[in-house]
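Worksheet: the structure to be examined is printed underneath.
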Amino acid sequence: MESVAFFYVSATSPPPRLCLSHLRSTRTFAADLPCCRITSRAAAFDLSLRPLPRKFACRIASALPSDDLKETPPAAQGAKPLPLLISLAVGIVTRYFIPKPPEVTPQAWQLLSIFLSTVAGLVLSPLPVGAWAFIGLTTAVVTKTLRFAAAFSAFTSDVIWLIVISFFFARGFVKTGLGDRIATYFVKWLGKSTLGLSYGLTLSEALIAPAMPSTTARAGGVFLPIIKSLSLSAGSKPGDPSKKKLGSYLVMSQFQSAGNSSALFLTAAAQNLLCLKLAEELGVVISSPWVTWFKAASVPALVALIVTPLILYKLYPPETKDTPDAPAQAAKKLEAMGPVTKNEWVMIGTMLLAVSLWVFGDAIGVASVVAAMLGLCILLVTGVLNWDDCLSEKSAWDTLAWFAVLVGMAGQLTNLGIVGWMSNSVAKTLQGLSLSWPAAFGVLQGCYFLIHYLFASQTGHVGALYSAFLAMHLGSGVSGVVAALALAYNTNLFGALTHYSSGQAAVYFGAGYVDLPDLFRMGFLMAAVNAGIWAVVGTFWWKFLGLY
């Protein structure tokens, strides 16, 4: 039997959360209840009711099956037992059961065991990554492996704060609707065919990327909503055979292209900045980083961006080849959006200023983080962002916590000689195999790429393995700049391997347009295509630039 609850509406109080199992068993009347949000285990509904005078009431009827009306069991508290035990075991075994090499100090070996346990926790997730990283850092301080100042030294890193501020910029793009407007213009200009539509979305992401440095924000806040709107209007529905008409191809094409957009600019993804910071810890300093990064990435990334939609058009074709209505829909949407708002103009001006300072800042003595700080101040003063927007950007503060922990530990491992010892050990092994530096470069890059099948985060992968692999490259005689940049570029490209390999992977797969076997199959095939493009085109281009 259906249950009915009546509520009088108040214009003042915030909406309470009410359990449907309670509403089902009782008829509730109140003189002061506001509009209600009803939640259950299966679904949540936001009843967007406008506040009404007290003499009026809104009627809420629930017709959910009885299974959906049962009390939701409380979530488990604390760490997950099995991942916790495995993560701790990694560190304990390293510390007490693996013989310490004679050239490594006891302090360095103990820090390595703590670091490996921390990395294992990032992979297995006994706790959220920020919480687990903090526990690892605390362990290093409590055991007197690191002094407090050394343990927390990375929290003052300019690169870490540049990453944090980049999250705020991405929020500004979504909040003002500027990213949505830019992408819609490209749909209007290039969207007469499905292939043209894909190129329009791909090029618009490449244009937005340097000023919106979060692939997940670009995916969830800009491009997936546009793709879903276009697909649904073409009769292509998620979770339905009709998804093959349009939605599956557009989602797959955008997903596979996003890695190249992120690799094209230093500020297009947070992990790019972290890579260069870790490289600097190993003595690989790249002058004019924004310009050098772009010059080295430009040709291979642009070639990959051009061929990716075309290759997928052949290997993963859409059923609908022409989309004559898409430009009209885009024009209608732009008309509904109205003229560019003041906040959008401020966002445009701020990002032009920030990108200009990132490009030319070294010449005029303005550091990248200072340019980002100036941009954020402009957005705050003009009201495009407010401080609550910054405080509610949980990803930024979480990143500050665990990035700083990993960077700090990696830096101390370098200072204590662990990374040098690993580098020399790998170099001797590779020399024993009589591998030239190009062969060693290919083997190490391939291993770094394919290991990502074990990771659910690009930044986690960087924090765990980037320094070690860069040290192996250096020990094998590979140019430091080439090795550092190639590892960083691959960090973006392997984000499209699986449905868990990156934040944007979860966003696109969660849309329901791509089947899991197709995602793994196309992820591997496009990884091979990208590896071929970057290996062939990139190698010749980097030689032309004089990087090796």
Exercise. Looking at CD of Q254 and CD1 of I227, how far apart are the two atoms once the value is rounded to the nearest 0.5 Å?
Worked result: 5.0 Å
For this session: For Y466 and A484, indicate whether the former's side chain and the latter's backbone hold a donor-acceptor pair under 3.5 Å.
Result: yes
For this session: Check whether any side-chain heavy atom of N260 lies under 4.5 Å from a side-chain heavy atom of I533, and answer yes or no.
Result: no
For this session: Answer yes or no: are there more than 12 heavy-atom neighbours, outside F360 itself, under 6.0 Å from its atom CZ?
Result: no
Exercise. How long is the span from the CD atom in Q110 to the OG1 atom in T143, to the nearest 0.5 Å?
Worked result: 4.5 Å
Exercise. Which atom names give the shortest non-hydrogen contact between L124 and P83, and what distance separates them?
Worked result: O-CB, 3.7 Å
Exercise. Taking C-beta and beyond as the side chain, do V291 and V359 meet within less than 4.5 Å on heavy atoms?
Worked result: yes
For this session: Might you work through the side chain to side chain donor-acceptor pair (under 3.5 Å) test for Q504 and T215, ending with a clear yes or no?
Result: CA-CA 6 Å; Q504 69 268 27; T215 48; 2.8 Å; yes
Exercise. Nearest 0.5 Å, what's the CG-CG distance between L470 and L278?
Worked result: 9.0 Å
Exercise. Between I160 and A154, what is the shortest heavy-atom contact and its length?
Worked result: CG1-O, 3.7 Å
Exercise. Hey, does the side chain of W161 reach the backbone of V370 with a donor-acceptor pair shorter than 3.5 angstrom?
Worked result: no
For this session: Please confirm whether the backbone N or O of S117 pairs with a side-chain atom of S87, one donor and one acceptor, at under 3.5 Å?
Result: no
Exercise. Counting heavy atoms not belonging to F134, are there more than 12 under 6.0 Å from its CZ?
Worked result: no
Exercise. Less than 4.5 Å apart, any side-chain heavy atom of L111 and any of Q107?
Worked result: no
For this session: Please tell me if the side chains of L273 and L266 come closer than 4.5 Å, counting only heavy atoms from C-beta onward.
Result: yes
Exercise. When rounded to the nearest 0.5 angstrom, what is the spacing between CZ in F524 and CG in L450?
Worked result: 7.0 Å
Exercise. Which heavy atom in V164 sits nearest to a heavy atom in A396, and how many Å separate them?
Worked result: CG2-O, 3.7 Å
Exercise. Are any side-chain N or O atoms of T491 and backbone N or O atoms of L487, one a donor and one an acceptor, separated by less than 3.5 Å?
Worked result: yes
Exercise. Can you name the closest pair of heavy atoms from A371 and L357 and give their distance?
Worked result: CB-CB, 3.5 Å
For this session: Rounded to the nearest 0.5 Å, what's the gap from CG on L207 to CD1 on I182? Could you check?
Result: 5.5 Å
For this session: Return yes if some donor-acceptor pair links the side-chain N/O of W132 with the main-chain N/O of S125 below 3.5 Å, else return no.
Result: no
Exercise. Under the salt bridge (Lys or Arg N to Asp or Glu O under 4.0 Å) test, which residues partner E393, sequence neighbours left out?
Worked result: R171
Exercise. Would one find more than 12 heavy atoms of other residues, nucleotides or ligands at under 6.0 Å from atom CZ of R147?
Worked result: no
Exercise. Just by distance, do the side chain of W293 and the backbone of A263 share a donor-acceptor pair under 3.5 Å?
Worked result: yes
Problem set entry | Backbone N/O of G495 and side chain of S502: donor-acceptor pair under 3.5 Å | yes
Exercise. Tell me, do T145 and I114 make a side-chain contact under 4.5 Å, heavy atoms counted?
Worked result: yes
Exercise. Step by step, would you call N492 with Q458 a side chain to side chain donor-acceptor pair (under 3.5 Å)?
Worked result: CA-CA 7 Å; N492 293 288; Q458 290 165 288; 4.7 Å; no
Exercise. So, do F509 and F255 have ring centers that fall under 6.0 Å from each other?
Worked result: no
Problem set entry | Under the side-chain contact (heavy atoms from CB on, under 4.5 Å) test, residues paired with F294 that sit two or more places apart | L264, F265, W290, S298
Problem set entry | Backbone of S287 reached by a side-chain donor or acceptor of T292 within 3.5 Å | yes
Exercise. Where do Y508 and H499 land on the ring pair (Phe, Tyr, Trp, His ring centres under 6.0 Å) test, with the steps shown first?
Worked result: CA-CA 8 Å; Y508 284 124; H499 64 300; over 10 Å; no
Exercise. Got a donor-acceptor contact below 3.5 angstrom from the R218 side chain to the M212 backbone?
Worked result: yes
Exercise. Is I378 close to L353 at the side-chain level, that is, under 4.5 Å between some pair of heavy atoms?
Worked result: yes
Exercise. Do V384 and T350 come close enough that some side-chain heavy atom pair is under 4.5 Å?
Worked result: no
For this session: Looking only at non-hydrogen atoms, find the nearest pair between A170 and A217 and report the distance.
Result: CB-CB, 4.0 Å
Seminar exercise, completed: The single option from W437, W542, F441 that satisfies ring pair (Phe, Tyr, Trp, His ring centres under 6.0 Å) with Y548 is W437
Seminar exercise, completed: When rounded to the nearest 0.5 Å, the distance separating CG of L274 from CG of L162 is 11.5 Å
Exercise. For atom CZ of F520, is the number of surrounding heavy atoms from other residues, nucleotides or ligands below 6.0 Å larger than 12?
Worked result: yes
Problem set entry | Qualifying residue for ring pair (Phe, Tyr, Trp, His ring centres under 6.0 Å) with Y489, from Y448, F449, W534, F494 | W534
Exercise. Is the closest side-chain heavy-atom distance between I348 and L178 below 4.5 Å?
Worked result: yes
Exercise. Taking the side chain from D398 and the backbone from V129, do they hold a donor-acceptor pair closer than 3.5 Å?
Worked result: no
For this session: Write down the atom of Y199, the atom of L310, and the distance for their closest heavy-atom approach.
Result: OH-CB, 3.7 Å
For this session: Have a look at F173 and tell me which of V222, D180, I208 forms a side chain to side chain contact (heavy atoms under 4.5 Å, CB included) with it.
Result: I208
